[in-house]
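Quick notes on the structure that follows.
Being a predicted model, the structure only gives us computed values, none of them experimental.
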Amino acid sequence: MAAGAGGLVAAAALLLALAGPRPVPAELTDGNSEHLKREHSLMKPYQGAGSAAMPLWDFQGSTMVTSQYVRLTPDERSREGSIWNRVPCFLKDWELHLHFKIHGAGKKNLHGDGLALWYTQERLTPGPVFGSKDNFHGLAIFLDTYPNDEATERVFPYISAMVNNGSLTYDHSKDGRWTELAGCSADLRNQNHDTFLAVRYSRGRLTVMTDVEDKNEWKNCIDIAGVQLPTGYFFGASAGTGDLSDNHDIISMKLFQLMVEHPVEDETVDWTKIEPSVSLLKSPKDNVDDPTGNFRSGPLTGWKVFLLLLCALLGIIVCAVVGAVVFQKRQERNKRFY
């Protein structure tokens, strides 16, 4: 009996070792100015405010730079605007903090269309996707404020992520659902307090978090592993209005370098040449919405696999112990008849 228990313990240790360590949650940077990359950041006081003399940023369309904010679109119909960093980013691990404000006179579902954050190969190219180019190369984070799909059950405003290698088209009629990797609902419009978004990319993991409830704390929105993004792309932001409108304001964009160790083999990779991609166990098209706007199912992460293995192991141990006890009692009962 003791030998059997020892074997079970050894098996449990082996299985736990194979399952691997528990993934560490993505902690957002505290905004240490030591790692702030000013060449990729937009902050007050804006240099060359109200003119085209901003040394590190280009803007176009309806964008207007004031002393307090950069307004991508005014609360007027059929307007598009964007602002783009002139300096390509060669950081492999980074975190972007966006301080923004979306507001206007429109009542519920009578406003639009939304704002987009970009890390892409293309820049300053107007288009139909929140004022910027479709079929882009890179990463987009959409803050969509208007539901174009009347059949949707998700709650708007809605934040979603999309990675594109130039082959995918954003479907406005379905609010980008077919190309969406993940997303969440967030009450970010017409707030009387500051609203923030954080996008973190590190070692192939994309994390998006929000601070829109005036609690001074980050709330998880998106967490996806297996994301591959090249270096040398550009950061930007754009917004667009249609028949409905809103003010879309950027107060600041701050980029932080993350000090992360990479495997030795990463040193041989030319990160400017890799193609934007995501390794998923299933296509985003296979996901089904629930009323909260989240996907009901998703790929098994390392933590989920670990939990499944642990539950299976515990079940085996319990069955083995119960079986051993029952067997021992039967043996004792049989001895009484001799």
Side-chain angles (χ1 to χ4, degrees), residues 25-26 28 72-73 96-104 106-118 129-131 139-163 170-200 205-224 227 237-242 244-250 278 280 282 284-299 301:
L28 293 182
L72 301 177
T73 71
L96 180 66
H97 290 192
L98 173 70
H99 182 188
F100 68 98
K101 188 174 183 64
I102 300 177
H103 58 107
K107 304 300 181 182
K108 184 178 180 181
N109 289 343
L110 292 176
H111 51 79
D113 282 322
L115 183 152
L117 269 180
W118 305 93
V129 185
F130 299 93
L139 168 70
I141 306 294
F142 302 122
L143 286 67
D144 194 349
T145 57
Y146 180 76
N148 292 286
D149 184 3
E150 296 180 356
T152 187
E153 293 182 335
R154 62 177 51 169
V155 179
F156 280 71
Y158 188 80
I159 301 171
S160 63
M162 176 180 176
V163 171
Y170 181 86
D171 186 355
H172 262 293
S173 65
K174 294 296 182 181
D175 301 309
R177 186 181 308 172
W178 305 132
T179 50
E180 173 189 330
L181 297 175
C184 71
S185 299
D187 189 10
L188 51 80
R189 181 183 177 271
N190 268 358
Q191 297 290 355
N192 293 322
H193 51 262
D194 291 334
T195 48
F196 300 90
L197 183 81
V199 182
R200 177 188 177 103
R205 183 177 178 185
L206 176 68
T207 308
V208 179
M209 303 190 82
T210 62
D211 179 6
V212 298
E213 300 176 355
D214 201 25
K215 294 182 178 179
N216 195 32
E217 62 183 26
W218 294 111
K219 183 178 180 181
N220 187 53
C221 176
I222 296 170
D223 195 352
I224 310 170
V227 178
S238 68
T241 65
L244 302 173
S245 62
D246 256 339
N247 297 301
H248 297 91
D249 299 342
I250 302 292
V278 183
L280 292 175
K282 60 187 296 185
K285 293 183 180 181
D286 298 331
N287 289 295
V288 179
D289 290 334
D290 69 14
T292 64
N294 297 311
F295 290 140
R296 287 178 182 164
S297 58
T301 62

For this session: May I ask you to decide if Y146's main-chain N or O and H111's side chain share a donor-acceptor pair within less than 3.5 Å?
Result: no
Problem set entry | side-chain contact (heavy atoms from CB on, under 4.5 Å), paired with V208, selected from L117, I141, L96 | I141
Exercise. What heavy-atom pair brings D149 and R177 nearest, and what distance separates the two atoms?
Worked result: OD2-NH2, 3.2 Å
Exercise. Under the ring-ring contact (aromatic ring centres under 6.0 Å, His included) test, which residues partner H103, sequence neighbours left out?
Worked result: none
Exercise. How many angstroms lie between CG in L98 and CG in L115, if you round to the nearest 0.5 Å?
Worked result: 6.5 Å
Exercise. Nearest heavy-atom pair of M162 and Y170: which atoms, and what distance?
Worked result: SD-CD1, 4.0 Å
Exercise. Closest heavy-atom contact between G106 and N190?
Worked result: O-ND2, 4.3 Å
Problem set entry | Taking every non-hydrogen atom, the tightest pair across F142 and A116 | CD2-CB, 3.7 Å
Exercise. Can you tell which of D246, T195, T145 makes a side-chain hydrogen bond (donor to acceptor under 3.5 Å, both in side chains) with R189?
Worked result: D246
Exercise. Does the T73 side chain pair with the main chain of T241, one donor and one acceptor, at a distance under 3.5 Å?
Worked result: no
For this session: Kindly compute the distance separating CH2 (W218) from OG1 (T210), expressed to the nearest 0.5 Å.
Result: 8.0 Å
Exercise. Taking K101 for the side chain and N192 for the main chain, is one N or O donor matched with an acceptor at less than 3.5 Å?
Worked result: no
Seminar exercise, completed: Output for pair (D113 CG, H248 NE2), nearest 0.5 Å, gives 7.0 Å
For this session: Locate the shortest heavy-atom distance separating D144 from F130; write the atom from each residue and the value.
Result: CG-CZ, 3.8 Å
Exercise. CG of D175 to CZ of F156: how many Å apart, nearest 0.5 Å?
Worked result: 3.5 Å
For this session: Please report the closest heavy-atom contact between I250 and A237, naming both atoms and the distance.
Result: CD1-CB, 4.2 Å
